[in-house]
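For reference, the structure discussed in these notes is given below.
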Amino acid sequence: MISSYTAGEMMTKLGSIFASVMIFYAYFPRELLDPVKRYAQKSLSYFYPYLQITIPEYQGDYAFERSKVFAAVERYLNAKSTKQAKRLEANVTRDNDNIVLTLADQEQVTDEYKGIKIWWASKLTTPNKQSITFYPREDEKRHFRLTFHKTYRDIIIDNYLKHVLDEGKSITIKERQRKLFINNKSENWYGYRRSMWSHVVFKHPATFDTLAMDPVKKQEIIDDLMTFSKAKDYYAKVGKAWKRGYLLYGPPGTGKSTMIAAMANLLKYDIYDLELTAVKDNLELRKLLLDTSGKSIVVIEDIDCSLDLTGQREKKKKDEENDPIKDEITKKMEEKKLSEVTLSGLLNFIDGLWSSCGSERIIVFTTNYKDKLDPALIRRGRMDKHIELSYCGFEAFKAFAKKYLNIDSHDLFVDVRKLLEETKMTPADVAENLMPKSDGEDKESCLMRLVKALEEAKEEEKRKAEEEEKRKVEEEEKKEKENGKVIKEVLENGENVVAE
Ligand SMILES: Nc1ncnc2c1ncn2[C@@H]1O[C@H](COP(=O)(O)OP(=O)(O)OP(=O)(O)O)[C@@H](O)[C@H]1O
Ligand SMILES: [Mg+2]
């Protein structure tokens, strides 16, 4: 009989059966349909050896926040589904141009845990009531359903679900968009925007690979950071807060800020760039601290210029009248118009950071003049590791040559090495001279430019040293002359006294 149907007739027949079922559903009284459905499900579950767990996207009808469990499961399944599922949904992440693939509706993936097979499915339910809403989720409700054999009930509930959540969370951390926070002036803390920190997406390209410095020193810093980031249990065991302080010091242009970006990229932390001069007083500083979160680096750049160490400065004023460094700091401080934050306020801030909410934090200070800082500020326990970033050495130059010119050796390297030993040039200047100025510029002319710049710098240093020497000699001569004059006067006076 069936074979006598053509394909077209077959489709028509099936279509009419489907239509009849739909009409039956639509007109059959709901009060009768629900108990029938419930009864059918109950009898089915009696014979059905599997258990199901549903994880809804929003818990409760009026929940505005997406369930964290759902989000973690979603991340976990996304990682699995890109390899397994045939139908995926592509979404663009917020503030970003990355594409994230998620399981499409009704799509399934299988997972295995300690030899147990688990089936996951993504479901979308659309209620048939007609409503207009601002929240699309009210129309569409998504959930994940996991199915497994009931023999494994305990292991799935006690172990597997925890494993999924942990994995999901760690993928979220790995893939999350990191942020760079900058503190707002307190005038803007309230009102429309109501925020102590403004943020942008943190996308600095610096990494430890691109940071040119002595490889041994670099590896030591990387190891220190990695040990810190994995030491949750250790810190808990010894009863220390899971925090670490770094002081980066060295002349301008030696890569202090670049290293902070590399640290954040390595550990995948957010950065809180704290501008102390925009903070009115110690109380505000404390409030800002409370508004930061874990997995972050709190940075205070140019700490020497941001803080009014009045007490100390007044005491030292006499001895430092001719100190050009101090003059420069004072000038910078005046330009920035100081806040009322005091040294003790800052010390409390750091200690507070150590003991307050959130863990896994790093604090970094940068300065051009380490010696000018109050020892209390940088003692171990506050600043655990002091890192000096200095003028460009040969190893750092080699890293730049690899990065910009893709070479490991060249005849001119000998000259560069000698010149770098004889003169001081910051990595920023070496990079600027070595970088090809156009697409076609050849390696030799880039190296030549650097050699020339180094020679000029050497000449300049020599000239300055000679000038300084000349100045010293002149000063000596002047002093000697004055001393001679005084002696002469004394002698003359002595003769007069004798004559009288
Ligand atoms: N060691 C380095 N490796 C790679 N690039 C560097 C290094 N040092 C400096 N640079 C380059 O030089 C520029 C200036 O560096 P950076 O801002 O990190 O210096 P800084 O030490 O923070 O200076 P300042 O004390 O003035 O703040 C950056 O654009 C960076 O790319
Ligand atoms: Mg800097």
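None of these values were measured; they are calculated from a predicted model. Atoms within a ligand are numbered from 1 in the order they appear, just like the ligands themselves.
- The protein heavy atom nearest to atom 6 (C) of ligand 1 is Phe400 CZ, 4.0 Å.
- Residue Thr366 places no heavy atom under 4.0 Å from ligand 1.
- Glu301 places no side-chain N or O within donor-acceptor distance of the main-chain N or O of Ser257, the cut-off being under 3.5 Å.
- For the pair Pro427 and ligand 1, the shortest N or O to N or O distance does not fall below 3.5 Å.
- Between Gly250 and ligand 1, no N or O atom pair is found at a separation short of 3.5 Å.
- The local environment of CZ in Arg417 is sparse, with at most 12 non-hydrogen atoms from other residues, nucleotides or ligands closer than 6.0 Å.
- Summarising the local packing, NZ of Lys418 is surrounded by 12 or fewer heavy atoms from other residues, nucleotides or ligands at distances under 6.0 Å.
- The protein non-hydrogen atom at the shortest distance from atom 27 (O) of ligand 1 is Ser257 OG, 4.0 Å.
- With a 6.0 Å radius and a threshold of 12 heavy atoms from other residues, nucleotides or ligands, Lys458 has its NZ atom at or below the threshold.
- At least one N, O or S atom of Ser257 sits under 2.8 Å from the Mg ion (ligand 2).
- For the pair Thr423 (side chain) and Leu420 (backbone), a donor-acceptor distance under 3.5 Å is absent.
- At least one donor-acceptor pair under 3.5 Å links the side chain of Asn265 to the backbone N or O of Ala206.
- Of all protein heavy atoms, the one lying nearest to atom 13 (C) of ligand 1 is Ala428 CB, 3.9 Å.
- Proximity of Ala431 to ligand 1 is not established, as no heavy-atom distance is less than 4.0 Å.
- In terms of polar-atom proximity, Ala212 is counted as a contact of ligand 1, with an N or O under 3.5 Å from an N or O of the ligand.
- If you check which protein heavy atom lies closest to atom 23 (O) of ligand 1, you get Gly253 N, 2.9 Å.
- A 6.0 Å sphere centred on NZ of Lys185 holds no more than 12 heavy atoms belonging to other residues, nucleotides or ligands.
- For atom 29 (O) of ligand 1, the protein comes within 4.0 Å by no heavy atom at all.
- Considering backbone and side-chain atoms alike, Asn368 places an N or O below 3.5 Å from some N or O of ligand 1.
- Under a 4.0 angstrom heavy-atom cut-off, Leu389 registers as lying outside contact with ligand 1.
- Residue Glu432 qualifies as open at atom CD: its count of foreign heavy atoms under 6.0 Å is 12 or below.
- Heavy atoms from other residues, nucleotides or ligands lying under 6.0 Å from CG of Asp411 number 12 at most.
- Distances below 4.0 Å separate heavy atoms of Thr258 from the following atoms of ligand 1: 15 (O), 16 (P), 18 (O), 28 (C), 30 (C).
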task: Mind running ring-ring contact (aromatic ring centres under 6.0 Å, His included) on Phe400 and Phe397 for me, showing each step along the way?
output: CA-CA 5 Å; Phe400 280 131; Phe397 155 76; 8.2 Å; no

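- Considering backbone and side-chain atoms alike, Lys256 places an N or O below 3.5 Å from some N or O of ligand 1.
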